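Bear in mind that the values here come from a model prediction, so they are computed numbers and not experimental data.
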Amino acid sequence: FATSTLHRRELPPSLASNRNSNRLILVEKYRPQTLGDLISHEDILNTIQKFISEDRLPHLLLYGPPGTGKTSTILACAKQLYKQREFGSMVLELNASDDRGIDIVRGPILNFASTRTIFKKGFKLVILDEADAMTQDAQNALRRVIEKFTENTRFCLICNYLSKIIPALQSRCTRFRFGPLTPELMVPRLKHVIEKENVDVSDDGMKALVTLSNGDMRRSLNILQSTYMAFVKVTEETVYTCTGQPLKSDIANILDWMLNLDFTSAYHNILELKTLKGLALQDILTEIHLFVHRVDFPTSVRIQLLIKMADVEHRLAAGTNEKIQLGSLVAAFQVTRDLIAAEA
């Protein structure tokens, strides 16, 4: 027992920290720690930086799609405003999806906001993540708390959908919209993570990561991690396989079958491919929609086809049979082909 204790003591601390860091998922391991680490929305960051430097930080409302840096921004602000030892007493971070009722406003939030800091200057900070999940009653109670304790507390609400926040709360906050990240901003950060993690990623693999993430940095890192853990090399094919998305070559084949083969052959070929690769018709429809805009159809024909595709998507969302809707999709393209032939 004494020997094992001795060995534990002699372990270098760096080794233990490396082990812990390796267990972290990439999203947390590479989360920006300061405002300078953030890669996008420079105008928003400059404005917030100016508020902090002039000690005039207002109540904030950060909204936009997931994975665009809203939570990272306010946490970086909090770390800049408060030292490590006072962080716990000056910052209250709550996720509204855990407890979204009126009790959370009347309990922890009210208690935290109403107590003053005797020996510390400045204001406290309340961070309410996923505030759009809060009930109407909770939001109405919160507006009074914000108004009453503005002297010593600042509130930051974070949400995906601005329309779900009541107007009374919106008017009390300075609003900032975090839009989806552009590929130009995402690629350098992805390359930085790939270099640090020593991952083998091809050019088409990088393009696939950016395309499938749709401007969501968190999603791109999660796809990267799951792909390189499942496969040796991150390529377009492995990324699409790992996420279950249909490959571009498969979509090109499906489109070719629908436009050039007879109905029965096209239907059975697509059904076989769907079964073999486990593809969902919804994903196929989404990808084909992009191809339809690229193919040189006459305008009137394209309009008719898009309307029929929209009908198929609506019926799929209502939970209808995929095989019947696949028949409807193939039929729509067959009609389109006949219209093009008639116009020619």
Side-chain angles (χ1 to χ4, degrees), residues 65-67 97 132-133 160-161 163-164 180 207-216 218-220 222-223 226-227 230-231 235-344:
S97 61
D132 47 1
N160 296 135
Y161 305 103
S163 58
K164 292 186 180 178
K207 199 173 177 185
L209 286 172
V210 175
T211 304
L212 290 178
S213 62
N214 289 321
D216 183 337
R218 189 190 294 122
R219 181 167 160 75
S220 68
N222 282 334
I223 294 171
S226 56
T227 307
F231 301 94
T235 63
E236 184 181 55
E237 189 169 346
T238 56
V239 168
Y240 275 86
T241 305
C242 194
T243 54
Q245 292 283 335
L247 291 167
K248 285 183 181 175
S249 56
D250 291 337
I251 296 297
N253 285 336
I254 289 170
L255 199 65
D256 181 48
W257 294 333
M258 288 195 295
L259 287 172
N260 298 313
L261 297 182
D262 62 276
F263 180 89
T264 308
S265 303
Y267 180 82
H268 285 298
N269 284 358
I270 297 167
L271 197 59
E272 194 179 324
L273 183 69
K274 266 177 92 263
T275 310
L276 183 69
K277 299 208 172 183
L279 303 176
L281 185 58
Q282 178 64 60
D283 292 336
I284 292 172
L285 193 63
T286 305
E287 292 296 324
I288 283 177
H289 174 260
L290 299 173
F291 273 80
V292 168
H293 284 286
R294 293 181 201 144
V295 178
D296 189 22
F297 288 128
T299 308
S300 59
V301 173
R302 181 184 280 127
I303 289 167
Q304 290 299 318
L305 180 59
L306 288 172
I307 290 169
K308 284 174 184 173
M309 285 174 70
D311 289 338
V312 172
E313 188 191 29
H314 180 256
R315 290 194 290 266
L316 279 173
T320 51
N321 187 302
E322 276 212 4
K323 286 185 178 179
I324 296 171
Q325 296 312 314
L326 174 60
S328 179
L329 180 64
V330 175
F333 274 85
Q334 298 278 311
V335 170
T336 300
R337 187 175 68 184
D338 294 343
L339 284 172
I340 292 169
E343 283 197 11

Asks: Could you list the residues that satisfy side-chain hydrogen bond (donor to acceptor under 3.5 Å, both in side chains) with Thr243, not counting sequence neighbours?
Replies: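 For Thr243 there are no side-chain hydrogen bond (donor to acceptor under 3.5 Å, both in side chains) partners, ignoring immediate neighbours.
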Asks: Rounded to the nearest 0.5 Å, how far does CG of Leu316 lie from CG of Leu281?
Replies: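 Reported to 0.5 Å precision, the distance equals 5.0 Å.
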Asks: My understanding is that only residues two or more places apart in sequence, or in another chain, count here; which of them pass side-chain hydrogen bond (donor to acceptor under 3.5 Å, both in side chains) with Asp262?
Replies: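 Counting only residues at least two positions away or on another chain, Asp262 forms a side-chain hydrogen bond (donor to acceptor under 3.5 Å, both in side chains) with Ser265.
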Asks: Going from CE on Met258 to CG on Asn253, what distance comes out if it is rounded to the nearest 0.5 angstrom?
Replies: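 One finds 11.0 Å between CE of Met258 and CG of Asn253.
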Asks: Report the residues that fulfil side-chain contact (heavy atoms from CB on, under 4.5 Å) with Glu236, sequence neighbours left out, ordered by chain and then residue number.
Replies: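 With sequence neighbours excluded, Glu236 shows a side-chain contact (heavy atoms from CB on, under 4.5 Å) to Asp204, Ala208, Tyr240, Lys248, given in chain and number order.
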Asks: Give every donor-acceptor pair under 3.5 Å between a side-chain atom in residues 283-296 and any protein atom, sequence neighbours left out.
Replies:
| unit_1 | atom_1 | unit_2 | atom_2 | d |
| --- | --- | --- | --- | --- |
| Thr286 | OG1 | Gln282 | O | 2.8 |
| His289 | NE2 | His293 | NE2 | 3.1 |

Asks: Nearest 0.5 Å, what's the CD1-CD1 distance between Ile254 and Ile251?
Replies: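 Output value for this atom pair is 4.5 Å.
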Asks: Mind checking salt bridge (charged side-chain N to carboxylate O under 4.0 Å, His left out) for Lys274 and listing every partner two or more places apart, or none if nothing turns up?
Replies: Glu322
Asks: Looking at residues at least two apart in the chain, or sitting in another chain, which of them share a salt bridge (charged side-chain N to carboxylate O under 4.0 Å, His left out) with Asp250?
Replies: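 For Asp250, the residues satisfying salt bridge (charged side-chain N to carboxylate O under 4.0 Å, His left out) (neighbours in sequence not counted) are Lys277.
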Asks: For the CZ atom of Phe297 and the CG atom of Leu305, what is their distance to the nearest 0.5 Å?
Replies: 6.0 Å
Asks: Output all residues satisfying side-chain contact (heavy atoms from CB on, under 4.5 Å) with Leu276, sequence neighbours left out; order by chain, then residue number.
Replies: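 By the side-chain contact (heavy atoms from CB on, under 4.5 Å) rule, Leu276 matches no residue at all.
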Asks: Report the distance from atom CG of Leu255 to atom CD1 of Ile270, rounding to the nearest 0.5 Å.
Replies: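 Reported value, rounded in 0.5 Å steps: 9.0 Å.
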Asks: Do Asp216 and Pro180 make a side-chain contact, defined as non-hydrogen atoms from C-beta onward lying under 4.5 Å apart?
Replies: no
Asks: List the residues meeting side-chain hydrogen bond (donor to acceptor under 3.5 Å, both in side chains) with Arg315, not counting sequence neighbours, and say none if there are none.
Replies: Gln325, Ser328
Asks: With Thr238, which residues qualify under side-chain hydrogen bond (donor to acceptor under 3.5 Å, both in side chains), at least two apart?
Replies: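 Thr235.
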Asks: With sequence neighbours left out, write down each residue that passes salt bridge (charged side-chain N to carboxylate O under 4.0 Å, His left out) with Lys164, or none if nothing qualifies.
Replies: none
Asks: Considering non-hydrogen atoms only, spot the tightest contact between Leu209 and Ser220 and give its length.
Replies: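 Minimum heavy-atom separation between Leu209 and Ser220: CD2-O, 3.9 Å.
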Asks: Rounded to the nearest 0.5 Å, what separates atom OG in Ser213 from atom CG in Asn222?
Replies: 11.0 Å
Asks: Can you confirm whether Trp257 sits close enough to Val330 that some side-chain heavy atom of one is under 4.5 Å from a side-chain heavy atom of the other?
Replies: no
Asks: Would you say the side chain of Ile340 lies within less than 4.5 Å of the side chain of Pro298, judging by non-hydrogen atoms?
Replies: yes
Asks: Checking Arg302 against Thr336 for the side-chain contact (heavy atoms from CB on, under 4.5 Å) test, could you report, in this order, the C-alpha distance in whole Å, the side-chain angles of both residues, the deciding distance, and whether it holds?
Replies: CA-CA 8 Å; Arg302 181 184 280 127; Thr336 300; over 6 Å; no
Asks: Donor-acceptor check, side chain of Arg219 to backbone of Leu212, threshold 3.5 angstrom: yes or no?
Replies: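 Checked: pair present.
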Asks: Not counting sequence neighbours, which residues clear side-chain contact (heavy atoms from CB on, under 4.5 Å) with Asp338? List them please.
Replies: none
Asks: Mind checking whether Phe231 and Thr241 have side chains closer than 4.5 Å, heavy atoms only?
Replies: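 Yes. Closest side-chain heavy atoms under 4.5 Å.
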Asks: What are the two closest non-hydrogen atoms of Gly244 and Leu279, and how far apart are they?
Replies: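 Residues Gly244 and Leu279, closest heavy atoms: O-CD2, 4.3 Å.
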